[in-house]
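Just so we're on the same page: letters track the sequence lines, and every chain starts at 1. Keep in mind that what you see is a predicted model, and the values were worked out from it rather than measured. Excluded from the calculations below are hydrogen atoms, water molecules and symmetry mates; all remaining heavy atoms, backbone and side chain alike, are included.
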Amino acid sequence: MRREHIEKSAAEIAAQVRSGRVSAAEIVEETLAHVDLVDGALGSYLTVLADAARAAAVRVDERVRGGEQLPLAGVPLAVKDNMCLDGTRTTCGSKILERWIAPYTATAVARMLDAGAIAIGKANCDEFAMGSSCENSALGVTRNPYDPARVPGGSSGGSAAAVAAYEAAVGLGSDTGGSIREPGAFCNLVAFKPTYGRVSRYGLIAFASSLDQIGPLTRTVEDAALAYDAMAGYDPMDATSIDRPVEATASALREDLRGLRVGIVREFDTKALGPDLDRIYRQAYGDLERLGAEVVEVSLPTAEYGVATYYLIAPAECSSNLARFDGVRYGLRVEGNDVRAMYDKTRAAGFGPEVKRRILIGTYALSSGYYDAYYVRAQKARTLIARDFAVAFEQCDLIACPAASCPAFQFGAKSDPYSMYLMDYYTIPMSLAGLPALSVPCGWTTPADGNLPMPIGLQLCTPLFGERLLLGAAHAYERATNHAGARQPVLDGVRA
Amino acid sequence: MASETIDIRYVAKLAALALTDDEVETFGRQLSDLLEHVNALSRLDIESVAATAQVVESRNVMREDTPRPCLDRERVLAEAPQRQGAFFRVPRIIAE
Amino acid sequence: MTAGYEAVIGIECHVELRTRTKMFCGCVNEFGGEPNTKICPVCLGMPGALPVPNAAAIEHIITAGLAFGAEIPAFSKFDRKNYFYPDMPKDYQISQYDMPLTRGGAVRYWLEDGTLKECALTRIHLEEDTGKSTHAGSGDGRIAGSSYSLVDFNRAGVPLMECVSEPELHNAQEAIGYLESLRRTLLALGVSDVKMEEGSLRCDANVSIRPSGSSELGTKTEIKNMNSFRSVERAIESEIARQIEVVGGGGRVVQETRGWDEVNGVTHPMRSKEEAHDYRYFPDPDLVPLEIAHERVELLRTELPELPWQRFERYTAQYGLAPKQATQLLDNLSLATYYDRVVDASGNAQQSSNFVLGELSRLANETGVAVAESSVSPEHVAELIALVEGKRINSKIAKELLARMWSGAGSPAAIVEREGLAQTTDPAAIERFVDEVLAANEKVVADYKAGKTNVMGFLVGQVMKSSRGKADPAIVNELVRKKLT
Ligand SMILES: [Mg+2]
Ligand SMILES: [Zn+2]
């Protein structure tokens, strides 16, 4: 199999395309051929945009010849299928939108394309981004490129698998409670959720509006910075996007951590994760110290309530956000004798069990008599969690902790909903506080139920708008350790 | 936050979801389990705590009253599950 | 009303705001048009689309609140009201629940006899309108019995002001007075077209009755489907009568929503309160809170125009116009403004009113051109009034002149001068006309002398005619009478 260009980082691909050594068209052809070869088994993409990608490559090559310095020239992009791309099927991994063609493009996607990236396909995800394994997609199975018997994580599992398997150099994911970071950790990637409001949500099909945030999944920290720099910034179409200047992060990448204080969270005791993960995380914290950081202990006393808080707020918002899927204007309809019956049947047939569960719990939490006891209480707990971080950040510049409590698991391993919800234990608190956070590869472990080593992610997090510091520090750690480069995905096995 | 049994059929009606008897049973149990976990929040002393609806404090984000282009009608109606001429068609509405 | 009972009425209005674009998107806000042409991802509730509030709509609500003396809280926010309906694209409405843009205030209004009253407001808030369903298959366009509906989303997302009154109205006339004043005020502020026939003003009435003198509120019913002020009046009257009959017959009024049946002139039950919706209001996480700057509010306050009820007081108390005249003027804002300019120039409020509401309005009706748009300037009307007041011309000539001015003849004083139209007040000259007429009408004169005194008017008319209308009618009258006796 020829992977001359596409195993390179996005930064390298873009530099080559800009210099004229290779054309965007060649990159796209190589990518499409590779997707052809591996995606039948991997299932990263729900829709491959071969023709559109070829046409886009021609335009990018023209722009490059015209002298435009495109930061992502010719970079193959996987777009999570909960983001609208004009004229393409946008399913959210749901039967209710299985055939829906979006008539407009999400702002974040448009900015990536404008920077020269080329959308290769729409990537699989848990239905409406609800899940941590991609198993909730109603439209397909996605496998982990490091062990096809395992899940890629979720909900941005398709984007993660695509990037890990060289089907794209950058994947766009959305993170509500960990949906970028967890699949990123499972697939040996850098997985970055920016500050809430930094990247426009316009065109991102909402799960929980006050938490959803688009971010990149990449094979290097530098690529994450390039993608973020292309996407971030105020969008007049999103009233929750933040109207303040974005400082480029690609120019802030560091080689060491001198002068920084890194907080280790007392309540996140890694011994509970087993000896192997405990060892990996201790080593990671030690590496941070060796890079010049002062490691201090901080406390997030309310963080343990994150999952409970999240599973009220996110469902409440989703119960309302998903009301619009009613069979009237677009998407699936199942006929009924009257409009009420049509709604009930359409939604019963169109939504999978996890989506129904969350709609029901959210509807309940908002309903008359329960609103204060559940929804308002959760919002208050959210305040406490955010306050914990504020206090912790008085003692440190960034926090380091696990990205997930285990490596990628086998299909069907988490059948009880709540055990799946606990997958986001380490990522939810940052989401509730709106903080920028990322997962960077920090080691490998071979799970007891398998024989292939699986990647582990270290989560780093800063105060709001700390993206430069966050990506800068992650870059120093990545350079010093290079855990990601230690192994290759098992693409040949998949092909067979 | 006392633990209570959820009137799952009432909630499903509000949410416009037809549930089978099996689903009523399964979801009812799962939601009760989840509420059990969620009830941990009652251990927090939150009387005097302000609620957070939006984590990044921002105010008065508005747009100028300036028109923008609309969508092409044919393109929109092409997505309609059922159309009649220039309209979206829906089954009989029962007055509520 | 039947003795012994008092009605208590509160009115809830939904008013579409006049803005260039919709509430949360850039689609044009215009009535009607080809179905489903004024739609975009946002107002069609497409997946991924997000609302961004229209600054002008927010200012309109604050302006309206200020006009009614409402409090403008420093903090406000948008909430979602969740319920499924086919013409509501997102299946929730963005509205305001516990923090409306304005609180309190009152609508001052007047009754036909000129009595000024007021009705307190609970709140005014901002929300988005729904699309429009046409019910088909039943033959009469009504929802009952229809077999399917057709939906047009052009109206979906139009900014809508909800204005809720306290239950302080006591009969249909007060309700109409309130609504008229609300309508006139919103028109004067330029925040809405307030056209009930186009649906830009829609209202529901909460009606209850109680024994006269009681301060407790009875069980109320909510009346819907009233399509004109006239139907509001009839519906309220009919509902009061129905409730009195129910209670008088030993029954109890049931809390319910009732629809007004225009054809049969009765209200009928639509749904009872037990089936009330559980709207699950919560703060819209797609929108951020509003902080209304005190300075901005004060600036808007200084920009308020003179309000209709203030004008009504000026016209009646200060100018001495009859309530009916004042109301007529206020029903047509451009006419009232025109009138004010005529008064400013003439200093004669009553004569100005006579001309503006009389001959000028007649000409406007006849030609389809509004008075304010006509070629007659207020200054020229004032000139005409001065000519009449100075007895330079009589009212008949004045009328003729106005018709010519309407066609663009310009200054009436100049015409009078040029054409020698000034009134003849010289008794000797008028006497010659009188003598001629009496000589030419011997038979009529004989009739008069035989007791048919009503021919007097004919003779006066003939004299006026032969003077080409210039003779002073008072002198003509006096001379004719004198000569006949
Ligand atoms: Mg309303
Ligand atoms: Zn629109």
Checklist outcome for this item: Honestly, the part of Pro91(B) sitting under 4.5 Å from a heavy atom of chain C is backbone

Checklist outcome for this item: Max heavy-atom pairs within cutoff under 4.5 Å with chain C, candidates Leu14(B), Asp72(B), Val76(B), goes to Leu14(B)

Next on the checklist: Given heavy-atom pairs under 4.5 angstrom as the criterion, report whether the side chain, backbone, both or neither of Pro86(C) touches chain B.
Outcome noted: side chain

Checklist entry - What part of Phe153(C) lies closer than 4.5 angstrom to a heavy atom of chain B: side chain, backbone, both or neither? => result side chain

Checklist outcome for this item: Comparing Gly26(C), Cys25(C), Gly131(C), Pro51(C) against chain B, the one with the most heavy-atom pairs below 4.5 Å turns out to be Gly26(C)

Checklist entry - Does some side-chain heavy atom of Glu23(B) sit less than 4.5 Å from a side-chain heavy atom of Leu17(B)? => result no

Next on the checklist: Do the side chains of Glu74(B) and Arg83(B) get close enough for a salt bridge, i.e. N-O under 4.0 angstrom?
Outcome noted: yes

Next on the checklist: Tell me if a side-chain donor or acceptor on Arg80(C) pairs with a main-chain N or O of Tyr92(C) at a distance below 3.5 Å.
Outcome noted: no

Checklist entry - Who among Leu150(C), Asp284(C), Val288(C), Leu287(C) has the most heavy-atom pairs with chain B under 4.5 Å? => result Leu150(C)

Next on the checklist: Under 4.5 Å from any heavy atom of chain B, what part of Ser147(C) do you find: side chain, backbone, both or neither?
Outcome noted: backbone

Checklist entry - Can you tell which of Met62(B), Arg92(B), Glu79(B), Arg63(B) has the highest number of heavy-atom pairs within less than 4.5 Å of chain C? => result Arg63(B)

Checklist entry - Side chain, backbone, both or neither: which part of Ala15(B) has a heavy atom under 4.5 Å from chain C? => result backbone

Item to check | Largest heavy-atom contact set with chain C, pairs under 4.5 Å, which of Arg68(B), Gln84(B), Arg59(B) | outcome: Arg59(B)

Checklist entry - Using 4.0 Å as the upper bound for N to carboxylate O, is an ion pair formed by Glu128(C) and Lys22(C)? => result no

Item to check | chain B contact via Asp286(C) - which portion, at a heavy-atom distance below 4.5 Å | outcome: backbone

Item to check | Pick from Val52(C), Asp87(C), Asp152(C) with the largest number of heavy-atom pairs that fall under 4.5 Å of chain B | outcome: Val52(C)

Next on the checklist: Only pairs of heavy atoms separated by less than 4.5 Å count here; which of Pro35(C), Cys27(C), Ser146(C), Ala55(C) has the most with chain B?
Outcome noted: Pro35(C)

Item to check | Ser133(C), part contacting chain B, at a heavy-atom distance under 4.5 Å | outcome: side chain

Next on the checklist: For Ser200(C) and Glu16(C), which I'm curious about, is there any donor-acceptor pair between the side chains at under 3.5 Å?
Outcome noted: no

Item to check | NZ/Lys77(C): more than 12 non-hydrogen atoms of other groups inside 6.0 Å | outcome: yes

Checklist entry - Should the ring pair Phe78(C) and Phe24(C) be called parallel, tilted or perpendicular, given that the plane angle runs from 0 to 90° and is split at 30 and 60? => result perpendicular

Checklist entry - Does a salt bridge link Arg73(B) with Glu34(C), judged by any charged N lying under 4.0 Å from a carboxylate O? => result yes

Next on the checklist: For Val90(B), which atoms come within 4.5 Å of any heavy atom of chain C: side chain, backbone, both, or neither?
Outcome noted: both

Checklist entry - Is Gln93(C) close to Tyr85(C) at the side-chain level, that is, under 4.5 Å between some pair of heavy atoms? => result no

Checklist entry - Does Arg20(C) pair with Asp65(B) as a salt bridge, N-O distance under 4.0 Å? => result no

